[in-house]
Amino acid sequence: MIVVMSPSATKAQVTAVRRTVEAHGLQAFVSVGQERTVVGVVGTDVEQVANIGSLDGVEQVIRVTQPYKLASAEHHPERTRVVVGGVPIGQGEELVAIAGPCSVESRQMLLDTARWVRHEGARMLRGGAFKPRTSPYAFQGLGRPALELLAEARAETGLPVVSEVTDAADVELMGSSVDVLQVGSRNMHNFVLLRAVGQSARPVLLKRGFGATIEEWLMAAEYVLSSGNSDVILCERGIRTFETATRNTLDLSAVPLLRRHTHLPIAVDPSHGTGQRDLVAPMALAAAAAGADALLIEVHPDPPNALSDGPQSLSFPEFGALMDELRRLQFVRNGAAAAGDGDQSNIALIDSAVHSSIDLAFRTPAPSLNLLVMCSIVSFKAAPNVSSTPSSRIATAGKLAVRRALRVRSIASMGVTSGRSRLLY
Ligand code: PEP
Ligand code: MN
């Protein structure tokens with residue numbers, strides 16, 4: 001912490017600051033400049049003198065460390081991996097899709113949705129039992145019976161279940177029925193609830209308060225962590241801004257920012273973040289590209305007739321299409337990661353593989369992505385010099401070949417033709 005004295009501060013005022021610091025067992029380093037004096041405060045808990053700004057002669061107090069400790073990347077450089085019913089989220093893992101209805105409405109709709117999202121590749125099921133609605137007249141969720149239905153859906157599909165807990169008194173009950181306790185946006189500042197979920201053995205999905213800064217959000221995570229629960233997943237779900245065209249403003253810059261400041265896994269909820277079905281897929285893809293570890297997506301068998309959040313819920317086919325897009329993106333992302341290893345020595349090999357794969361793929365009138373990928377791999381394996389190349393290089397080069405082929409395909413779709421390959425669309 002740095003205490004900046006005002007230019008008119010007296011020696012006595014500087015001394016008072018130094019003594020206050022030292023009285024708390026901290027060290028004070030006084031540096032006298034031409035115009036003003038600054039006092040550096042050093043110690044394990046500088047927050048003890050958080051109010052030092054109110055002393056006479058102090059102009060500004062600058063924090064150089066974060067007020068959150070357990071959530072901070074500074075104290076925990078390795079990213080955390082939270083494992084939910086065998087599904088890992090975070091550190092180096094594949095993107096996890098958590099999908100399901102806003103609210104559990106009936107047995108049939110929940111089971112249908114659970115089966116569908118699992119079929120499409122979701123790894124976890126969401127479903128609200130207790131709904132924190134803005135209006136007391138709106139559907140409040142089925143409550144306990146919904147927990148039984150969620151347990152049934154989990155037993156049938158094997159998908160771990162995420163559901164919101166709205167009351168500290170329900171934490172035990174929820175903890176025995178669901179795999180992840182969700183703390184909703186409206187409860188991010190409910191410190192009693194945060195401490196209660198902090199004492200649970202269940203992982204916690206902590207949504208960002210719609211009026212909360214990233215620091216406040218991480219301080220809320222600190223409540224859970226400091227209560228003994230180290231399995232916290234943060235979930236960006238949009239904040240309230242002056243914009244009214246969307247339900248919330250999804251703050252995707254929070255994703256890379258959080259990756260800088262915290263080790264905790266990061267989820268993004270584009271459903272509540274936008275409030276509009278047609279915006280969900282683009283923002284889900286953007287979140288994945290920005291580095292999210294998980295996505296929380298509302299899916300409903302009949303969105304127009306949903307009891308809550310129909311306008312932002314994806315239909316079954318819409319969810320399937322999004323999962324396809326996410327797999328494509330993941331593929332490119334993995335290729336990009338492989339390309340990052342600086343291995344440039346196989347360029348000629350890659351070029352030959354890329355060109356033959358593109359030629360092959362584009363000889364077909366409407367090449368699908370899968371065909372293109374297959375062609376890349378097949379022609380890569382057939383390329384000259386492969387047998388004398390170490391297998392790790394072949395893997396890297398193969399991924400690069402596919403990545404470059406994908407890029408050419410997207411250029412091709414813009415109507416550009418390349419010298420060697422006549423591109424058909
Ligand atoms: C939800 O996920 O169902 C929900 C109510 O979200 P939020 O707390 O982000 O509004
Ligand atoms: Mn909802």
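All residue numbers refer to positions in the sequence shown, counting from 1. Counting starts at 1 for both ligands and their atoms, in listed order.
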(request) Establish, from distance only, whether the side-chain atoms of His263 and Gln91 form a donor-acceptor pair under 3.5 Å. (result) no
(message) I'd like the residue list for ligand 1, meaning every protein residue with a non-hydrogen atom under 4.0 Å from the ligand.
(response) Arg126, Lys131, Glu164, Gln182, Gly184, Ser185, Arg186, Lys207, Arg237, His272, Glu298
(message) Looking only at side-chain N and O atoms, does Gln312 offer a donor or acceptor that is under 3.5 Å from a partner on Arg247?
(response) yes
(message) Tell me whether Arg126 is salt-bridged to Glu164, with the criterion being a basic N under 4.0 Å from an acidic carboxylate O.
(response) no
(message) Return all protein N, O or S atoms below 2.8 Å from the Mn ion (ligand 2), chain by chain in residue order.
(response) Cys102 SG, His272 NE2, Glu298 OE2, Asp309 OD2
(request) Any chance you could measure Ser177, atom OG, to Arg202, atom CZ, to the nearest 0.5 Å? (result) 8.5 Å
(message) When you compare the side chains of Glu74 and His261, does any donor N or O come within less than 3.5 Å of an acceptor on the partner?
(response) no
(request) Dump the intermediate steps for side chain to side chain donor-acceptor pair (under 3.5 Å) on Asp45 and Gln48, then the final yes or no. (result) CA-CA 6 Å; Asp45 185 12; Gln48 293 179 89; 4.6 Å; no
(message) One thing to verify: whether Asp293 and Arg79 come together as a salt bridge, which I'm taking to mean a side-chain N less than 4.0 angstrom from a carboxylate O.
(response) yes
(request) Please confirm whether Arg195 makes a cation-pi placement over Tyr223, using NZ or CZ under 6.0 Å from the six-membered ring centre and within 45° of the ring normal. (result) no
(request) Determine whether the side chains of Thr274 and Thr246 contain a donor N or O and an acceptor N or O closer than 3.5 Å. (result) no
